[in-house]
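For reference, the structure is listed below as structure tokens.
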Amino acid sequence: MRKHMLVIIVFIILSIISIFLIFQVNTNYDLTIYLPDDSMTSEGLNILEDEFGSHTAIEVMLDGESMDSALALKSLLSDIDHVEQVVWLDDYIDLNTTPMAYIPESLLSNFYIDDHMLFTIILDLDTYDVDVDQVIIDIREVLDQHIYALRGDTIIEMENRLIASKEMINIMLIIVPIIIVLLIITSKSYFDPIIAIISLGVAVLLNVGSNAFLPNISFITKTLALALQLALSIDYTLFYLHRYHEERDEHDRLSATKIALKRTFPAITASALTTIAGFLALLLMQYKIGLDIGLVLTKGIFLSYLTTLLLVPVITLYLDKYIMKFKHKTLILVPKKLFKHFKKFMIVIAVMFIGVIIFGLYFQSQTTYTYGTNQDLDPSDQTYIDQEAISDVFGNYQQMVILIPNDMIAKEVSLAQALYQNDSVLSVDTLVTQVDPQIDCSYIDPNIVGAYVGTNYTKMIVKTTVTEENDEMYQFYDDIKNMVSTYYDDYYILGFAASASEIKDIVTSDTLLITIVSIIGIFIILSLTFKNFIVPIGLILIIESAIWVNIGLLAIMDINTIFIGYLVVMSIQLGATIDYAVLLSSRYIEYRRTHQKIESLNMAYHKSLVTVVISAFILSLAGFTEGLFSNIETIKDIGFLLGKGSLISLLFTIIFLPLILYVLDRFINKKIQ
């Protein structure tokens, strides 16, 4: 018992350390850093920062202010820390000598429309810098007694940080109580859920705390990891506890613990390794968000695996008295003769299986994806209300930055003129459009020159009406790229359209690699587990067909989904839900040594189906909870796909696995032949 107590003490110490480490975890909100180092976006952003520094902009719309009041507010805003400049109409026109009626409409409409004034606040901070939060607070304090609205990427990123910090806890507060209820319904003792929650809680705590040893984790990973680790690894504890009760009916607590651990070790190990294999494939993605998600979840699954093998048996030993005392009947029962008429329906099931494979393969190829990271705001949120208010008056636009070499003014003028010919371009802001290109730079205000001309590159800021990710956006980006390339061989295009297009090209090429690596890894693990290579092919085919149908349903329902979500869910669904087939197949093989095929199927499903169903329901619950309650579009897409996918995998396992086991029986247990 001394060894058992040592195990508990070690886990308690590690948990306490993890609590302190949690506060040291750095969260990253800039998804462009996950692009390859040699991508146009990555290289262009580095050049932009080197030559022009870190900058971001916030737009402020004032309503009903007098000219004097507006200029006074502009002065107050300029005094805020990190504010480099507040741009308004008076920077272009001397308002003391020029009446409003004489200002050209093309200029005036950018700053003043129907008693609405639009200021642009330039900050010396990056969009994702956490110091921006304080700047926004200071801006709001200055404008507190005025009618105003704010718009800008920095506002949205601040909103994302607030959402990500709250969602993780809020989602867990929803998921955990429901899981406890499900565990109570399906367990054999009221203490089983307590053991499961302790085990999972420790594993999750260790995983979150150990993230402090990573440079940072993305806000997507941070929001996903807790719920997914809990949902994906609860199988291991359930496998053990259900087997412990079987053995405890015939043995003392120590013997039951040893036998249960021995009997479930192969299934738990195979389940953990298949899930890890799915996540490890994500590490190979060129778009390094896969590395971020894959590394954190792989670490989480491994810690859950160790916790199940080391901590759960010890807790079970210490709590055995209470486990036995508070035993109750399982509220969900599986018929013992479930496959009594199985042979009569084998042909029908086989035809159904072929049908769903064809269905899935076709429709999953028809699904439409998005690739960018634009965030759809909650219409009830103040950020959304402000954004719409400004858009209603001054219009909506997307900004693009073009970096071109400082070689010939004539080329810059020609490119600016060509850009204006595109119907989707609202404005081109660069030195040659702000100042007569005939004027020598030495005669121009150095501050104006420095805003557009760096050591080696000139900056063009293009405003476009193309704001949503769709075919029009990709075509617009291609048109701009082709236009710039006619004048320059060396150039960089930055902005949402550019990064989304690059992500599209990169992750699309990652798909085949991830699929192949996942399948090969899981095939090897299952081949070693079952000691043959025929059964794994059948199990993988079942889950792959479930994945195809899951994705194909999006095309039928005409739903677009983010591609990175598809890749993540594909890995999770293959690596995690194949556990259902692994457990049922393991029990079938165990019983097949002493029983006939149909009887072995009946016994395997009778003993294991409840465990499989509850595991699938918990994973599905975690997915749908993320989908319903998250305000981050990527998380919502992953959540709904995962919730739906786990149920489809469960359904396919229940219906088609008996057919696979029956047909492949000669390869499963050759000694019986």
**Study point:** Check against salt bridge (Lys or Arg N to Asp or Glu O under 4.0 Å), Glu599 and Arg593
**Key:** CA-CA 11 Å; Glu599 189 177 1; Arg593 295 190 182 100; over 6 Å; no
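- Counting only N and O atoms by type, the side chains of Thr269 and Tyr305 include a donor and acceptor under 3.5 Å apart.
- Of the possible donor and acceptor atoms, none in the side chain of Ser585 sits under 3.5 Å from a partner among the backbone N and O of Val582.
- When atom types are taken as modelled, the side chain of Ser545 and the backbone of Ile542 share a donor-acceptor pair closer than 3.5 angstrom.
- No donor-acceptor contact under 3.5 angstrom links the side chains of Gln573 and Ser646, judged on distance only.
- The two atoms that bring Leu21 and Phe213 nearest to each other are CD1-CE1, 3.8 Å, heavy atoms only.
- In this structure, Leu621 and Phe617 have side chains that are not in contact, with every pair of non-hydrogen atoms separated by 4.5 Å or more.
- By the 4.5 Å heavy-atom criterion applied to side chains, Asp192 and Leu183 are not counted as neighbours.
- Considering all non-hydrogen atoms of both residues, Ser620 and Leu647 come closest at OG-CG, 3.3 Å.
- Checked against a 6.0 Å centroid threshold, the rings of Phe239 and Tyr236 do not count as neighbours.
- Here the side chain of Gln229 pairs a donor or acceptor atom with the backbone of Gly300 at under 3.5 angstrom.
- With no hydrogens or angles considered, a side-chain donor-acceptor pair links Tyr588 and Asp665 at under 3.5 Å.
- For the pair Lys188 and Asp249, the salt-bridge criterion is not met [side-chain N within less than 4.0 Å of a carboxylate O].
- A donor-acceptor pair under 3.5 Å is absent between the side-chain atoms of Ser199 and the main chain of Ile195, judged by distance alone.
- Between Ile323 and His245 the shortest heavy-atom distance is CG2-CE1, 3.5 Å.
- Taking every heavy atom of both residues into account, Gln24 and Ala212 meet most closely at CB-CB, 4.0 Å.
- A donor-acceptor pair shorter than 3.5 Å can be found between the side chains of Lys299 and Asn211.
- Looking only at side-chain heavy atoms (C-beta outward), Thr257 and Arg248 stay at 4.5 Å or farther from each other.
- Residues Asp320 and Tyr244 have side chains that bring a donor and an acceptor to within less than 3.5 angstrom of each other.
- Under 4.0 Å is where a charged nitrogen must lie from a carboxylate oxygen, and between Glu246 and Arg587 at least one such pair does.
- Between Leu553 and Phe363 the shortest side-chain heavy-atom distance does not fall below 4.5 Å.
- In this structure, a donor-acceptor pair under 3.5 Å is absent between the side chains of Asp579 and Ser615.
- Within 6.0 Å of atom CZ in Phe302, 12 or fewer heavy atoms from other residues, nucleotides or ligands are found, so the atom counts as exposed in its surroundings.
- Ring orientation note: the planes of Tyr318 and His4 are nearly perpendicular, at an angle over 60° on the 30°/60° scale.
- No donor-acceptor distance shorter than 3.5 angstrom exists from the side chain of Ser586 to the backbone of Ala267, with no hydrogens or angles considered.
- Between the side chains of Asn28 and Ser218, no donor-acceptor pair of N or O atoms lies under 3.5 Å.
- When every heavy atom of Tyr34 is checked against every heavy atom of Ile217, the shortest pair comes out as OH-C, 4.1 Å.
- Contact of the His606 side chain with the Leu609 side chain is not registered, since no non-hydrogen atoms from C-beta on lie closer than 4.5 Å.
- Of the N and O atoms on the side chains of Ser304 and Thr307, not one donor lies less than 3.5 Å from an acceptor on the other residue.
- By the 4.5 Å heavy-atom criterion applied to side chains, Thr511 and Tyr566 are counted as neighbours.
- No side-chain heavy atom of Ile543 sits less than 4.5 Å from a side-chain heavy atom of Phe652.
- For Gln366 (side chain) and Gly552 (main-chain N/O), no donor-acceptor pair under 3.5 Å exists by modelled atom type.
- Sequence neighbours left out, the pairs with a member in residues 171-212 that pass ring pair (Phe, Tyr, Trp, His ring centres under 6.0 Å) are Tyr190-His328, Phe191-Tyr322, Phe191-Phe326.
- Of all the heavy atoms in Leu206 and Ser18, the pair that sits closest is CD2-OG, 3.4 Å.
- Asp235 and Ser271 form no side-chain donor-acceptor contact under 3.5 Å, judged by distance and modelled atom types alone.
- Dense packing is recorded around CG of Leu173, with more than 12 heavy atoms of other residues, nucleotides or ligands lying under 6.0 Å away.
- Only one option out of Leu642, Ile293, Thr275 pairs with Ile572 in a side chain to side chain contact (heavy atoms under 4.5 Å, CB included); it is Leu642.
- For Leu254, the side chain to side chain contact (heavy atoms under 4.5 Å, CB included) criterion is met by Asp252, Lys258, Leu317, not counting sequence neighbours.
- For Asp510, the salt bridge (Lys or Arg N to Asp or Glu O under 4.0 Å) test picks out no residue, with sequence neighbours left out.
- A donor and an acceptor atom, one from each side chain of His595 and Ser600, are nowhere located under 3.5 Å apart.
- The closest side-chain heavy-atom distance from Ser571 to Ile514 is below 4.5 Å.
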